[in-house]
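Chain A is the first sequence line, chain B the second, and so forth, proteins listed ahead of strands; every chain is numbered from 1. Scope of the values below: all heavy atoms of this structure, side chains included, with no hydrogens, waters or symmetry mates.
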Number of protein chains: 2
Amino acid sequence: MSQSPSWSEYSARRIAEAGLRRSIPRRRVIDLLAERDCAVTALEIDAELDGVGRATVYRAIEQLEDLGLVRKVDLGASAHGYEKVEPSGHHHHHIVCDDCGKVEPFEDEALEEAIHHIRRKGFSLESHEVTLHGHCAECR
Amino acid sequence: MSQSPSWSEYSARRIAEAGLRRSIPRRRVIDLLAERDCAVTALEIDAELDGVGRATVYRAIEQLEDLGLVRKVDLGASAHGYEKVEPSGHHHHHIVCDDCGKVEPFEDEALEEAIHHIRRKGFSLESHEVTLHGHCAECR
DNA sequence: AGAATTACTGAGAACAAGTCTCAATAAGGC
DNA sequence: GCCTTATTGAGACTTGTTCTCAGTAATTCT
């Protein structure tokens, strides 16, 4: 399943190292993010995890984001999406259908290459986000 | 001033051609967008244009977006930004400071080149959005 | 020009996403 | 087990965006 076999464990450890407790609700948020390979919104997580409060979902995401374990992606929808960050640095970007909102991940080596050559005076660059917009087969 | 001398006029014409009326409030939204070279939020426009209702601002933006005269940009902030689309196709992308939220535009020819080589089965690509994240000089 | 038609508008209600508050609960240390 | 303190869930609140509707103004008709 081309799974990250350990992002979940890795994150749990990083959370512990940051001095945070091993609570069950937070762990459930981590596990849900672990099994998703593309963006999920906070409200989707909240809806999927019965018994975990919305505030807890948002808090957990924020902590994971601060630790660099999760990244926020803006795909033009009303809500933000979140996806795990692989420790390897391996990542993908997104193609969005502007008609139906369908999202597909993609990877492109030449694109990454071009981005890594960009330098900006007065800025230290750390990450990047690329979104391609278009129309999917069904909508055309 | 490297201004678009005519985006405002061009847009007014396109609006008319689309069968919409030449109303003063919509024209004021167009003129404000015309004089800004980087992203503005709907609420900033609303705040700046006294006497123009919020609903009118959102409606005007939507119409301009539908006609391809304005593009939405998501910069990680709570509100979306909007910026004019030059008929020439000339455009820029954004660098965001993840600490203070400062946004700077940038252009990169090699990046555009790499993006235009991307093809995706089942998708017709029409536009793209690149956001670089990092930390600005003041925040480091 | 004046009347008729109908798009457009502003105020504010409604809604949606995300944040904050606070009393109750549960981890981890002793 | 007891104590300390991080964490939690419910729900109030805030912010951004959309919707509603009666009044206004741009166009068209005559």
Inset, instruction - May I ask you to decide whether B:Asp37 forms a salt bridge with B:Lys84, counting only side-chain N to carboxylate O separations under 4.0 Å? - result: yes

Inset, instruction - Grab the CG-C1' distance between B:Leu43 and C:dA17 for me, whole Å please. - result: 14 Å

Inset, instruction - State whether A:Lys102 and A:Glu138 are salt-bridged, where the test is any N-O pair (Lys NZ or Arg NE/NH1/NH2 against Asp/Glu carboxylate O) under 4.0 Å. - result: yes

Legend entry - N-O pairing of B:Glu48 and B:Arg36 below 4.0 Å: yes

Inset, instruction - Look at atom CZ of A:Arg140 and say whether more than 12 heavy atoms of other residues, nucleotides or ligands are closer to it than 6.0 Å. - result: yes

Legend entry - Salt-bridge criterion met for A:Arg120 and B:Glu104 (N-O under 4.0 Å): yes

Inset, instruction - Hey, could you give me the SG/CZ distance between B:Cys139 and A:Phe123, rounded to the nearest 0.5 Å? - result: 8.5 Å

Inset, instruction - Under 4.0 Å from any atom of DNA chain D, heavy atoms only: list the residues of residues 50-68 of chain B that qualify, in numerical order. - result: B:Arg54, B:Ala55, B:Tyr58, B:Arg59

Inset, instruction - Starting from the first five and the last five pairs of the helix from C:dA1-D:dT30 to C:dC30-D:dG1, work out the angle between the resulting helix axes, to 10 degrees. - result: 40°

Legend entry - Note: B:Arg27-B:Glu9 ion pair, threshold 4.0 Å (strictly below): yes

Inset, instruction - Taking atom CG of B:Asp66 as the centre, report whether more than 12 heavy atoms of other residues, nucleotides or ligands fall under 6.0 Å from it. - result: yes

Legend entry - Contact boundaries on DNA chain D for chain B, cut-off under 4.0 Å to non-hydrogen atoms: D:dG16 to D:dT27

Legend entry - From B:Glu86, B:Glu107, B:His128, residue fulfilling side chain to side chain contact (heavy atoms under 4.5 Å, CB included) relative to B:His91: B:His128

Inset, instruction - Please report, rounded to the nearest Å, how far the C1' atom of C:dG12 is from the CG atom of B:Asp46. - result: 13 Å

Scan the side chains in residues 76-83 of chain A for donor-acceptor partners under 3.5 Å anywhere in the protein, sequence neighbours excluded, and list what turns up.
residue : atom : partner : partner atom : Å
A:His80 : NE2  : A:Asp74 : OD1          : 2.9
A:Glu83 : OE1  : A:Ala39 : N            : 3.0
A:Glu83 : OE1  : A:His92 : NE2          : 3.3
A:Glu83 : OE1  : A:His94 : NE2          : 3.2
A:Glu83 : OE2  : A:His92 : NE2          : 3.3

Inset, instruction - Determine, using the 4.5 Å side-chain heavy-atom cutoff (strictly less than), whether A:Val57 and A:Leu33 are members of one ILVMFWY cluster. - result: yes

Protein N or O to nucleotides 27-29 of chain C N or O, pairs below 3.5 Å:
residue : atom : partner : partner atom : Å
C:dA27  : N3   : A:Arg21 : NH1          : 3.2
C:dG28  : OP1  : A:Arg22 : N            : 3.1

Inset, instruction - Write down the distance between CZ (A:Arg26) and C1' (C:dA26), rounded to a whole number of angstrom. - result: 12 Å

Legend entry - same_hphob_cluster(A:Ile118, B:Leu75) at 4.5 Å side-chain heavy-atom cutoff: no

In residues 12-19 of chain A, what donor-acceptor pairs under 3.5 Å come from side-chain atoms, sequence neighbours left out?
residue : atom : partner : partner atom : Å
A:Arg13 : NH1  : A:Glu17 : OE2          : 2.9
A:Arg14 : NH1  : A:Tyr10 : OH           : 3.1
A:Arg14 : NH2  : A:Leu67 : O            : 3.3

Inset, instruction - Check whether any side-chain nitrogen or oxygen of A:His80 sits under 4.0 Å from OP1 or OP2 of C:dA17, and answer yes or no. - result: no

